[in-house]
Amino acid sequence: MIKEYFKPIIFSICCLTVLNCSAGTDMAKYPKANSVIIKTIDSLNDLAFKVKRNNITRALDILYQSSYLAENNNYENGIATALLTEAGIYQQNGYFKRALTLYYKSLNISAKNGDSMNIARANQQIGSISMESGNYREAERQTIIAMKYFTLLSKKEDIINMKNSLGSILMNQGNQVAAMNYFNAALLDASKIHYEYGIKKACYNIGLVNSSTGMFNNAKIYFLRALAFDIKNKDNYGIALVKNQLAIIAIKMKDYATAENLLESSIVASRSISAAQLEIDAVSSLCLIYKEQKKLEKVIEWQQVLIQRHQKLLEKEKVYAMNFMEILREKEQERFLFQKKILKGQQDAKYVSMILGVVGLGLVIFIVVVLLWYKNYIKIKAYSKELMSSNIVIQSHILSLKTLNQEISGQNSSLEESNKMKDKLLSIISHDLRQPLANTKGILDLIDGDYLSVDEMNQLLKDLDTQYVRSLTLLDNLLFWIKSQMAGQKIESKLINLRILINEISHELEISASKKGITIINDIQDRVNISGDLEMMKVVFRNLISNSIKFTEKGFVKIYVTEGAELCVHVHDSGVGMTDEALKKVLSKNYFTTRGTHKESGSGFGLLICKDLISKHGGKMEVKSEINKGTEFTIFLSNVIKP
């Protein structure tokens with residue numbers, strides 16, 4: 001009865017919600033765009049970028065769609081990307097001031113949102129326009145900024161392109177030496193990753209520098225390398241461009257026949273792709289050849305061609321500019337009409353929302369009246385609910401009792417583990433600590449009694465030192481393990497120079513290492529600092545290096561760091577390595593020990609202590625090992641002090 005009565009009310013509320021959503025969906029600005037909308041905007045921006053060179057009208061239509069979606073969903077990265085593409089359209093048509101305005105607008109949005117890729121792209125294009133405008137200082141500054149961001153993003157191909165651009169900027173300023181450095185760096189980096197465009201561009205630029213400094217043979221070598229890439233990729237524009245440069249060199253070297261062949265070939269390639277400016281450059285060079293050879297008829301013939309090409313190019317540019325302006329006027333008008341429709345839609349939505357608000361208020365009043373009636377019905381069911389609540393409480397108590405039993409069982413297991421650990425500690429103290437002290441007393445008695453030769457005494461002293469280090473390490477491990485089990489233990493953090501710390505430990509272990517023919521290599525730079533408890537860190541690295549010495553026979557123990565999101569400290573040895581079974585035991589939380597290459601014994605607590613102390617510093621430890629190839633312990637630390 002009650003459920004049937006409430007069906008009309010629920011239906012009315014749903015209708016109100018649907019009407020509100022449908023009225024405001026197109027106009028509302030979401031605080032955060034959902035993933036589907038973001039993918040749609042990104043796809044539209046990518047499509048606009050692909051078609052902008054061949055179909056400006058379609059590219060602008062797509063950009064207006066993506067901009068509208070991005071603005072209405074507060075997706076600022078999408079707005080910035082659309083601005084970049086629109087600016088590119090203006091740039092490719094020679095409207096540099098308009099393009100710069102849009103690039104800077106995109107740059108401001110991207111900087112506010114920390115979008116490194118769009119920041120890099122905007123700076124790259126601003127640098128390109130500055131270079132085309134002759135503002136080389138600004139072009140260099142913007143290009144360096146772009147290269148820094150591409151480096152941060154590990155965009156290797158873009159970094160190579162920036163190096164080529166910086167070289168071109170410096171070359172235009174007359175700084176040929178600095179330009180050559182950038183071009184050579186770009187060529188080297190591009191060769192390493194087999195980036196063909198980067199190789200071709202660097203070779204072409206190096207050819208230009210050599211040609212401008214009179215090193216024609218070197219210039220020809222690099223131009224020919226660039227030409228090989230263009231021929232391979234059937235790039236007629238590149239072929240024509242390089243052949244024009246090779247022809248200029250041939251002219252300077254008075255090799256007119258070669259120059260003439262190159263230029264005629266360049267003209268064919270230029271015409272195949274309607275590259276009028278390249279054709280004009282080639283024809284100009286041909287006129288120069290015939291003028292120097294005093295072939296007046298040829299000069300007149302080709303000058304006529306040159307004049308025709310200039311006129312044709314001017315007419316083409318004029319028509320293109322007029323068409324572009326017409327397209328812009330049409331698109332601006334369409335955008336105005338579109339925004340007008342949006343404004344009208346927003347006004348309609350406000351009107352509908354007001355009506356729905358009044359209807360909603362009436363529904364609320366109606367619901368309040370119904371709820372007052374429904375209150376009596378609630379009282380009727382109150383007793384049954386109380387009974388159900390009591391049953392729930394009883395069930396809860398049963399579950400609590402079960403949980404308590406499980407906790408008690410867990411505590412019993414923990415106590416058993418503690419008892420086993422206590423027995424192990426007593427065994428270690430009674431044997432592994434007491435025995436070395438007894439041996440030490442015996443050695444001292446032999447030395448004091450003057451029963452030994454000098455060689456025997458020296459050997460015993462070395463053994464005594466080794467035994468001392470082993471006992472000290474064991475004692476430190478025991479003390480720090482006991483300390484780590486105490487409640488409320490605090491880490492006394494301080495600045496630790498990692499290289500100095502490893503040097504101190506290496507000095508302590510030098511005798512035991514040299515006795516086995518092992519070299520300890522500290523390959524950590526002076527600048528590496530960490531924050532942590534000094535004594536705990538000593539225990540960690542003393543255990544790891546001692547362990548490496550223990551399982552290495554005539555080789556090395558190398559300590560080095562790698563840096564990324566975290567600082568990684570590696571202790572790598574050339575020892576006997578571990579089987580998969582032994583490695584699993586080492587990685588477990590239980591103590592585990594085996595004898596070393598010289599039958600050295602151990603307590604099994606070393607690595608357990610290391611993992612515990614590293615964990616207290618917010619880090620972790622990993623182990624890699626391979627039989628007869630060595631073992632590498634890696635400690636991951638996040639508390640690194642940057643220099």
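Because the structure is predicted, anything quoted here is derived from the model rather than measured. These values consider heavy atoms only, across backbone and side chains, with no hydrogens, waters or symmetry-generated copies.
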Trainee: Tell me whether the centres of the aromatic rings in F223 and Y204 are closer together than 6.0 Å.
Mentor: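 Under 6.0 Å, so yes.
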
Trainee: Just by distance, do the side chain of S212 and the backbone of V209 share a donor-acceptor pair under 3.5 Å?
Mentor: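 At least one qualifying donor-acceptor pair exists.
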
Trainee: Looking at every heavy atom in both G575 and T552, which two are closest together, and how far apart are they?
Mentor: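 For G575 versus T552, the nearest heavy atoms are CA-OG1, 3.5 Å.
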
Trainee: Report yes or no: does S110 contribute a side-chain atom to a donor-acceptor pair with the main-chain N or O of L107 at less than 3.5 Å?
Mentor: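 No: the side chain of S110 does not pair with the backbone of L107.
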
Trainee: Stepwise, does the side-chain contact (heavy atoms from CB on, under 4.5 Å) test hold for I559 with I521?
Mentor: CA-CA 6 Å; I559 305 96; I521 304 168; over 6 Å; no

Trainee: Quick one: does any side-chain atom of D235 pair with a main-chain N or O of I231 as donor and acceptor, under 3.5 Å?
Mentor: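 No, D235 side chain to I231 backbone: no donor-acceptor pair under 3.5 Å.
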
Trainee: Looking only at heavy atoms, what is the nearest atom pair of A250 and A259, with distance?
Mentor: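 Distance-wise, the nearest heavy atoms are CB-CB, 3.7 Å.
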
Trainee: Where the side chain of T101 meets the backbone of K97, is there a donor-acceptor pair that is under 3.5 Å apart?
Mentor: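 Checking the backbone N and O of K97 against the side chain of T101, a donor-acceptor pair under 3.5 Å is found.
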
Trainee: Is there a side-chain contact between K232 and E196 (heavy atoms, below 4.5 Å)?
Mentor: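 With C-beta onward as the side chain, the pair touches.
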
Trainee: Given side chains that start at C-beta, do those of L224 and L246 come closer than 4.5 Å, heavy atoms only?
Mentor: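 Side-chain contact under 4.5 Å: yes.
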
Trainee: Can Y256 and E292 be counted as having a side-chain donor-acceptor contact under 3.5 angstrom?
Mentor: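 Their side chains do contain a donor-acceptor pair, which is all the 3.5 Å distance test asks for.
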
Trainee: Please determine whether the number of non-hydrogen atoms from other residues, nucleotides or ligands lying under 6.0 Å from atom OH of Y197 exceeds 12.
Mentor: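 For Y197, atom OH is not crowded (no more than 12 foreign heavy atoms under 6.0 Å).
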
Trainee: Are a donor atom and an acceptor atom from the side chains of D573 and S548 found within less than 3.5 Å of each other?
Mentor: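 Their side chains do contain a donor-acceptor pair, which is all the 3.5 Å distance test asks for.
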
Trainee: Only counting residues at least two apart or in another chain, list the ones meeting side chain to side chain donor-acceptor pair (under 3.5 Å) with N123.
Mentor: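 Counting only residues at least two positions away or on another chain, N123 forms no side chain to side chain donor-acceptor pair (under 3.5 Å).
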
Trainee: Looking at S128 and Q124, would you say the former's side chain and the latter's main chain have a donor-acceptor pair under 3.5 Å?
Mentor: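 Not at all, since once roles are kept as given, no pair shorter than 3.5 Å links the two residues.
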
Trainee: Is R499 reaching over with its side chain to a backbone N or O of D526, donor-acceptor style, under 3.5 angstrom?
Mentor: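 No: the side chain of R499 does not pair with the backbone of D526.
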
Trainee: When you compare the side chain of I635 with that of H570, does any pair of heavy atoms fall below 4.5 Å?
Mentor: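 A side-chain contact under 4.5 Å is absent here.
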
Trainee: Between S266 and A240, which heavy-atom pair has the shortest distance, and what is it?
Mentor: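 Answer, listing the atom of S266 first, then A240: OG-O, 3.2 Å.
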
Trainee: Regarding N522 and S506, is there a side-chain donor-to-acceptor distance under 3.5 Å anywhere?
Mentor: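 Not at all, the side chains of N522 and S506 share no donor-acceptor pair under 3.5 Å.
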
Trainee: If you draw the axis of the six-membered ring of Y182, does the NZ or CZ of K163 fall within 45° of it and under 6.0 Å from the ring centre?
Mentor: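 Geometry flag: not set, cation outside 6.0 Å or 45°.
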
Trainee: Between the main-chain N or O of N261 and the side-chain N or O of S265, is there a donor-acceptor pair closer than 3.5 Å?
Mentor: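 Not at all, since once roles are kept as given, no pair shorter than 3.5 Å links the two residues.
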
Trainee: Could you check whether any side-chain heavy atom of I239 comes within less than 4.5 Å of a side-chain heavy atom of N236, counting everything from C-beta outward?
Mentor: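 Of all side-chain heavy-atom pairs linking N236 with I239, at least one is under 4.5 Å.
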
Trainee: Side chains of Y68 and N73: is there a donor and an acceptor less than 3.5 Å apart?
Mentor: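 Short answer, no.
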
Trainee: Compare every heavy atom of T151 with every heavy atom of I159, then report the nearest pair and how far apart it is.
Mentor: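 In terms of heavy atoms, the two residues are closest at CD1-CA, 3.6 Å.
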
Trainee: For a quick check under 3.5 Å, do S66 and N45 share a side-chain donor-acceptor pair by atom type?
Mentor: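 The answer is yes; a qualifying pair exists.
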
Trainee: Which pair of heavy atoms, one from S211 and one from A219, lies closest together, and at what distance?
Mentor: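 What the structure gives for the nearest pair is N-CB, 3.6 Å.
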
Trainee: Please verify the inter-ring angle class for H572 with F556; under 30° counts as parallel, over 60° as perpendicular, anything in between as tilted.
Mentor: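 Plane angle between 30° and 60°, so tilted.
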
Trainee: Mark yes or no for whether S106, through its side chain, and L102, through its backbone, hold a donor-acceptor pair below 3.5 Å.
Mentor: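 Between the backbone of L102 and the side chain of S106 there is no qualifying donor-acceptor contact (under 3.5 Å).
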
Trainee: Just so I know, are the side chains of N184 and L188 near enough to count as touching, which here means a heavy-atom distance under 4.5 Å?
Mentor: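 Result no, sub-4.5 Å side-chain heavy-atom pair not found.
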
Trainee: Please report the C-alpha distance between N210 and F216 in whole Å, then the side-chain angles of each, then the deciding distance to 0.1 Å, and finally whether the side-chain contact (heavy atoms from CB on, under 4.5 Å) criterion is met.
Mentor: CA-CA 6 Å; N210 282 317; F216 299 133; over 6 Å; no

Trainee: Should C568 and E563 count as side-chain neighbours, where that means a heavy-atom distance under 4.5 Å?
Mentor: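 Of all side-chain heavy-atom pairs linking E563 with C568, none is under 4.5 Å.
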
Trainee: Counting C-beta onward and ignoring hydrogens, is there a side-chain heavy-atom pair between E140 and M131 closer than 4.5 Å?
Mentor: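 Counting from C-beta outward, E140 and M131 never come under 4.5 Å.
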
Trainee: Using a 4.5 Å cut-off on heavy atoms from C-beta on, say whether the side chain of Y75 contacts that of D42.
Mentor: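 Side-chain contact under 4.5 Å: yes.
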
Trainee: With side-chain contact (heavy atoms from CB on, under 4.5 Å) as the test, pick out the partner of I169 among T143, N164, N175, I144.
Mentor: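 For I169, the side-chain contact (heavy atoms from CB on, under 4.5 Å) check succeeds only for T143.
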
Trainee: Examine distances only and state if a side-chain atom of N108 and a backbone atom of Y104 form a donor-acceptor pair shorter than 3.5 Å.
Mentor: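 Indeed, once roles are kept as given, a pair shorter than 3.5 Å links the two residues.
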
Trainee: Between E260 and Y290, do the side chains contain a donor N or O and an acceptor N or O under 3.5 Å apart?
Mentor: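 There is such a pair (donor and acceptor under 3.5 Å, judged by atom type) between the side chains of Y290 and E260.
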
Trainee: Crowded around K200 NZ? As in, over 12 foreign heavy atoms under 6.0 Å?
Mentor: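 Result for NZ/K200: enclosed.
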
Trainee: Could you walk me through whether D189 and K156 pass the side-chain contact (heavy atoms from CB on, under 4.5 Å) test, one step at a time?
Mentor: CA-CA 8 Å; D189 293 345; K156 294 182 180 179; over 6 Å; no

Trainee: Less than 3.5 Å apart, any donor N or O on the side chain of D61 or Q65 sitting next to an acceptor on the other?
Mentor: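 Result is no, nothing qualifies.
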
Trainee: Verify the distance criterion only: is there a donor paired with an acceptor across the side chains of N244 and S285 at less than 3.5 Å?
Mentor: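 Per modelled atom types, N244 and S285 side chains form no pair under 3.5 Å.
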
Trainee: Tell me every residue that passes salt bridge (Lys or Arg N to Asp or Glu O under 4.0 Å) with D523, counting only those two or more places apart in sequence or in another chain.
Mentor: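 Salt bridge (Lys or Arg N to Asp or Glu O under 4.0 Å) check on D523 returns K558.
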
Trainee: Please report the closest heavy-atom contact between Y103 and A87, naming both atoms and the distance.
Mentor: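 Smallest interatomic distance, heavy atoms only, reads CE2-CB, 3.4 Å.
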
